Amino acid sequence: ACGSTDDETADDQADQDTEQNDDASGDEATDEEGAASDFSLAMVTDEGGVDDRSFNQSAWEGIEAFGLDNGLERGTGFDYAQSDNAADFLPNFNNLVNQGYQLIFGVGYQLANAVEQVAAQNPEGHFSIIDEVVEGDNIASVTFAEEQGSFLVGVAAALKSESQNIGFVGGVTSPLIKRFEVGFVAGAKSVNPDINVQIQYAESFADEGLGRSIANNMYSSGADVIYHASGATGLGVFTEARNRVENNPDAGVWVIGVDRDQYEQGQQGDMNVTLTSMVKRVDVAVQEVAALAMAGNFPGGEHLILGIEDEAIGIAETNTDAYTEEIKAAVAEWQEKLLSGEVVAPQTDDELEAFVEGL
Amino acid sequence: MMDNKKLNIIIPIFSVFLGFLVGAIVMLAFGYNPIEGYSALFQGAFGSMYNIGETIRRSIPLVLSGLAIAFAFRSGLFNIGAEGQVFVGWFAAVWVGVTFDLPAIIHIPFAILAAAFAGAVWAFVPGILKATRGVHEVVVTIMMNYIALHTTNYLIRTLLSDGGSQSGRIANSASLATPGLQEMFGYSQIHWGFIVSIIFAVFVWFFLEKTTYGYELRAVGFNPHAAKYSGMSVKRNIVLAMVISGALAGIGGAMEGIGTFGYMYTHGAFTNLGFDGIAVALLGANTAPGVVLAAFLFGALKVGALSMPPLSGVPSELVEIVIAMIIFFVAASYMIRLLIMRFKKEEN
Amino acid sequence: MQFIDQFIAMMPMVLFYSAPLIFTALGGVFSERSGVVNIGLEGLMVIGAFSGIVFNIFTADIFGAFTPWLSLLVGAVAAGIFSLMHAVAAVSFRANQVVSGVAINMLAVGLGVFLTREIFGRGQTDSITQPFYTRSVPILSDIPVIGDMFFSGAYYTTYIAIIVAVLGWYVLYKTAFGLRLRAVGEHPMAADTNGINVTRMRYIAVILSGVLAGLGGATYALTISLSFAGSTISGQGFMALAAVIFGKWHPLGALGAAFFFGFAQSLSVVGANFEFLANVPGFYLTIAPYVLTVLALAGLIGRADAPKANGDPYIKGSR
Amino acid sequence: MENYVIEMLNIRKEFPGIVANNNINLQVKNGEIHALLGENGAGKSTLMNVLFGLYQPEKGEIRVRGEKVKITDPNVANRLGIGMVHQHFMLVEPFTVAQNIILGSEPTKGGGFVDIKKAEKEIKELSDRYGLSVDPSAKVRDISVGMQQRAEILKTLYRGAEVIILDEPTAVLTPQEILELISIMRNLTKEGISIILITHKLKEIMEVCDRVTVIRKGEGIDTVNVKDTNVDDLAALMVGRQVNFKTEKTPANPKDPILTINNLQVKDSRQAMMVKGLNLDVRAGEIVGIAGIDGNGQSELIEAITGLRKSEAGEIKLNSKTITNLSPRKVTESGVAHIPQDRHKFGLVLDYPIAENIVLQTYYQKPFSKNKILSFKSIYKHAEKLIEDFDVRTPSPRTKARALSGGNQQKAIIAREVDRSPDLLIAAQPTRGLDVGAIETIHRRLIEERDKGRAVLLISFELDEVMNVSDRIAVMFDGQIVAEVKPEETNEQELGLLMAGSSKEKARQKAGDNK
Ligand SMILES: Nc1ncnc2c1ncn2[C@@H]1O[C@H](COP(=O)(O)OP(=O)(O)OP(=O)(O)O)[C@@H](O)[C@H]1O
Ligand SMILES: Nc1ncnc2c1ncn2[C@@H]1O[C@H](COP(=O)(O)OP(=O)(O)OP(=O)(O)O)[C@@H](O)[C@H]1O
Ligand SMILES: [Mg+2]
Ligand SMILES: [Mg+2]
């Protein structure tokens, strides 16, 4: 009964997949059944679960696509293990190891310790951790340059905002979420150094009510674009924006989604409050690592930072009504600057301070 | 009439059976094969040394949170705050584990003691408010749970890391996990905490049933007026009961901190160790041996549940349903009593 | 004045946050006033939220703007039926009511997520397309200050919650039904010898608590989360239980307590707007609602006496 | 054919392991007061609960006004005109008198709204008609026991009862209240109402009843006309042997004062001053009885002595050492024993076995515990001895206190208190609700203690008891000791007047006049 309901994305991924497989000598794998069934990969979810319509789901879609492309079977060639609790991480890894999976992903920074432990106990296996860096010869660490994507949505927010007052809602305070915050502020200030950015953390990824309250407060005190990096708490932000639009179609409030294109969450009648989303292509990352591993080039001990140039970080352009051509053009300009290295998005408070001073 | 001792054993067993029966019916109704489902569950819980190790490991904190709640219940108090006490205990143990450098023989007890102390402090607040101001302990402990969650998160970020979401690892000398033991159980996360939990189960049993303290606590739980009349201090006993209960829950947290994980991370929500403790205590009839058995059953079910989706396709939530139904049948044990009595009558 | 403005701006937030708590706490009041402890409120909210959302998703096309109202009803009815389990255990089978409540909580989440997986193929539902929206009450919202505080940008469900609370007070304290219900919770044997059917009264009270908690859960789902997952209801039921005790088992007390929680919660959000709180670190604002509650209980409210027979199964002829 | 309003024929009611009623017959004539007499646990309450529909009999037939009926629940009983005032009152404490009376048959206006005004008016009329004075708007928890009982009777009348069952109504009343109740009963029968009266007080039966049915150990023994019998015969019928009523005792031989109370002032939980400068002493080797109407500060006095309540002013000395405001534990250790008024609330942990109840104040001492560890061996040995010595009827020392009859629970408490060899023994209502056999035993115990040289302070609302057992009577009124008299120099009437607040001279005069 499980699986992706989002066929479009799956197709997209399939396309990209083939591209990547080209340079990773993937055709061999697809042609030769024997070779394909030799390889197997799996993932362990964090507490969100494989169908969180966010991070874990994206990773699973990547694994599924990779598996199907390479003629693997669910349950033997590729699979996932669901964690309901942090204490489940290690048993899940071990179960997958015992079932003989060759490459196992830990999806989410919370799994770092588990990956470290299981990798040490199984020097023969290949492991990969997403969103965190773990030392180990048989571990590939993959992180994303969220600050780049956040920078770009910051630019978009600044351009969209009429009040020049925008907001950021964080989940739980952590270095990871900090990158979102700092990148966003930097992007916005690059457009207008005097822009006002309200920042608040809900200290929960699962409190829609609180997300709602925070958004209400931010919009009421003049913000018109809110970027959230707060999981289910962010649903409350969408609720608040939709409610405002429902009451007043000219309310002009916007939400910027996170991790995947949250266009659907913003639909309100024939309006949509999702300005854009900072898309983190975990699926891309997973497939990249998988392809390398299958080709025998597993990047053990390496730290891959995937960003715009890898097409692992992007920004959604679904809402063509709101996300105007001008914004698109401006964002593209800044994207060039990021790609060329002319601008480097900050990752910490200190870097942000320096960045702002340099403006 | 059947004597009570026998019934007290038959009823939980029967409840477990009925709980599984309901689970099987649910599986059938949704087109799953219950035999496959349950054998996956059993595999997951006991299929290999590894799984057995995991089951034991999962039971350890449940024994302690169950003991905590049972202890309070026996004294007439409802400690919904075990959840929060687990948090602060976990934190305190990890703090000791990362901050100090001591020989294991001191370090481990010190960490456990710190956890007990933190849990005790957390439970002291509702205890003293109940004793002196008559404030209902249920409200205060619910609030203390949230305070614990946010406070430990904050302290992990500020005290145990540099704005990070995880503390550092505890020193090896503070760890209850040893490679030898884990290897024996197929590299599971088992740790020596199972001995700690058994020690405290024995302690609780002895304390409640055999000492004058326990005699007083139970008297206060049954009838505070008579306790006061006979010269016991009801207030002191309420505080004492809460504090010991909190200490036990705190030690439950330590089992996660210096046993299972060896560190602490910021939590986005409750661990449910405390809330599950309520169910464990009640299934174990608020007695120490009962709590140990109930915790082991819960541990087995929760660990076994992880294997249900991959091996049989049954969603792991089915186990939640089974557990809930077991507790329900224990609660409604009068129904089972009636059934048994009717059965007996027909026999005669 | 900035302070006053912030305060006014805060009110709608307080109102929407409190509504689910008010409904649910009222449910708790009814149940516990009849002598049945109900810590299953959390689970009953889950059932209300789950069924409200599922109904909404499947019938939005049919009922259009009417859907949220019907969803509310469905949530209430479903939780009412679900609460029968608690009634059967607690009233007919002399269960330890805390145990049975714990079972209700576990079962609700387990069943909710299990069914969600069966229906939607994953652990959470889609977002609903027909939620409730805040509205300004015609005329009333034009009243200066008060209009802004209480009648603009609030949900109709909040007003219903307040009305239900007042109605609850009327029913419990002014009607024969309420007199009997309270008698059953204080001294069931006295009620029994007066010819009141204790079992029936307690069944009614528990089912009412299910209906109200279902309303609470559905209200939360239809106004705030707009979808259902295992974590949608995470602790609100326990907060409602706290409101029951905080409010001394009185419908209007529970109403006040729910508002207090809403207020404290909102204060933690808007705190940073107030000048005098602007420099307080976020952490302190986060825990403020809970600390405030403990302080209020310790300092102002103090002792609260539960209905005397609360938690005791009634066994005819025992003493 | 006699005109019976109630006929219970061959009633059998079993409880697990016991036959509470075995083929009992009870026939009540229209307009009579019919007594039901029997020892504790004889099955009286059970029989009445069957009549009132709380229990279903295994066998037997009930007829009301000649018609066979099946009384499935109290509603049916009410409809048949049967009302019951239970041994333990069935009143909801936080409710008002009126609310309690109308509960279950409330007059309503539209919307289920209770018409309390109308109810209060009807209650007023009823209470005027039968002479049952109550304050309909007072909360039950604030009124005296006597008024609570009148409220209970009104409850039955309000429902149109024609037969009223009174289960031990006088056990909780003061002598004045008993007199009132007797006149109320007479009023009721005048209005054509029949009464079934359960009581252990044979004098009362002789005074008001027309006929009496005696049951013993679940069996119906006999029904006799009161005018054809006497107290001794009734007691013999009930117990199955001759009973000695007049407590045998030698004159007291008082020695040094053990308890000295000076100018004591105590407030109750509502902060009302209840003991207002009380002075009293009790000497070794004497029994001082405190006579007084309930609510004149007796409970507060006892609680202050025993450390359960703080006193505001004054001094309490035991053996010339002050024990004012010491903790209950300290008071106990200084040599005070206390048989509490409410044995269920204070006297026992009902869910503890009898043995563990017997060490309730001494569990922490040797030999019952060493180094904080309980020695169950010593506890049970001790319990077995006391159970034997005090004739506590229990299947085993492991039996929970809850399962014992009231009389045996009381005996266990007395065993525990007396066994500690206290200097001062406080006995509050020690025989409340007990049958004559049990009363005899307990009185004998108190006198034995006196003879061993202990000081005994007896608080009782029953004049008979105070007069029979005490060596000296202190009359308590409005928080003070207003008079001290010798039992042999006074009579019930004089005491009654003193208790109502008359001065000694006036009381003596009046009592003398009446003679
Ligand atoms: N609910 C019950 N369950 C079991 N046994 C009972 C119950 N009620 C009464 N009994 C038993 O039935 C017998 C008769 O009890 P009952 O209450 O009728 O005595 P009684 O004559 O009213 O005594 P008392 O004078 O003390 O009021 C007792 O032996 C008692 O143990
Ligand atoms: N649930 C019960 N189980 C067993 N015995 C019972 C039960 N209820 C009552 N009894 C028995 O009924 C008998 C009489 O009960 P009753 O209510 O008349 O109390 P009592 O002996 O008069 O004491 P008191 O008046 O102090 O309460 C006792 O022997 C008691 O053991
Ligand atoms: Mg009786
Ligand atoms: Mg009696």
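Computed over heavy atoms, backbone and side chain alike; hydrogens, waters and symmetry mates excluded. In this text the structure is predicted, and so the values were computed from the model without any measurement. Letters A, B, ... mirror the listed sequences (proteins, then strands); counts begin at 1.
No side-chain heavy atom of C/T193 sits less than 4.5 Å from a side-chain heavy atom of D/M84. Two residues are said to be in side-chain contact when any heavy atoms from C-beta on lie closer than 4.5 Å; C/N194 and D/M90 fail this criterion.
Only the side chain of D/I102 comes within contact range of chain C, judged by heavy atoms closer than 4.5 Å. Residue D/K109: no heavy atom, backbone or side chain, is found under 4.5 Å from chain C. With a threshold of 4.5 angstrom between heavy atoms, D/T156 does not approach chain C through any atom at all. Only the side chain of D/F52 comes within contact range of chain C, with heavy atoms under 4.5 Å apart. Only the side chain of D/N78 has a heavy atom closer than 4.5 Å to any heavy atom of chain C. Only the side chain of D/F95 comes within contact range of chain C, judged by heavy atoms closer than 4.5 Å. The parts of D/L103 that come within reach of chain C are both its backbone and its side chain, each placing non-hydrogen atoms under 4.5 angstrom from that chain.
Taking C/T219 as the reference, C/A19, C/P20, C/F23, C/L72, C/T157, C/T223 meet the side chain to side chain contact (heavy atoms under 4.5 Å, CB included) condition, with sequence neighbours excluded. Applying the salt bridge (charged side-chain N to carboxylate O under 4.0 Å, His left out) criterion to D/K59, with sequence neighbours excluded, gives no partner residue.
Heavy-atom minimum distance, C/R180 versus D/G104: NH2-O, 2.9 Å.
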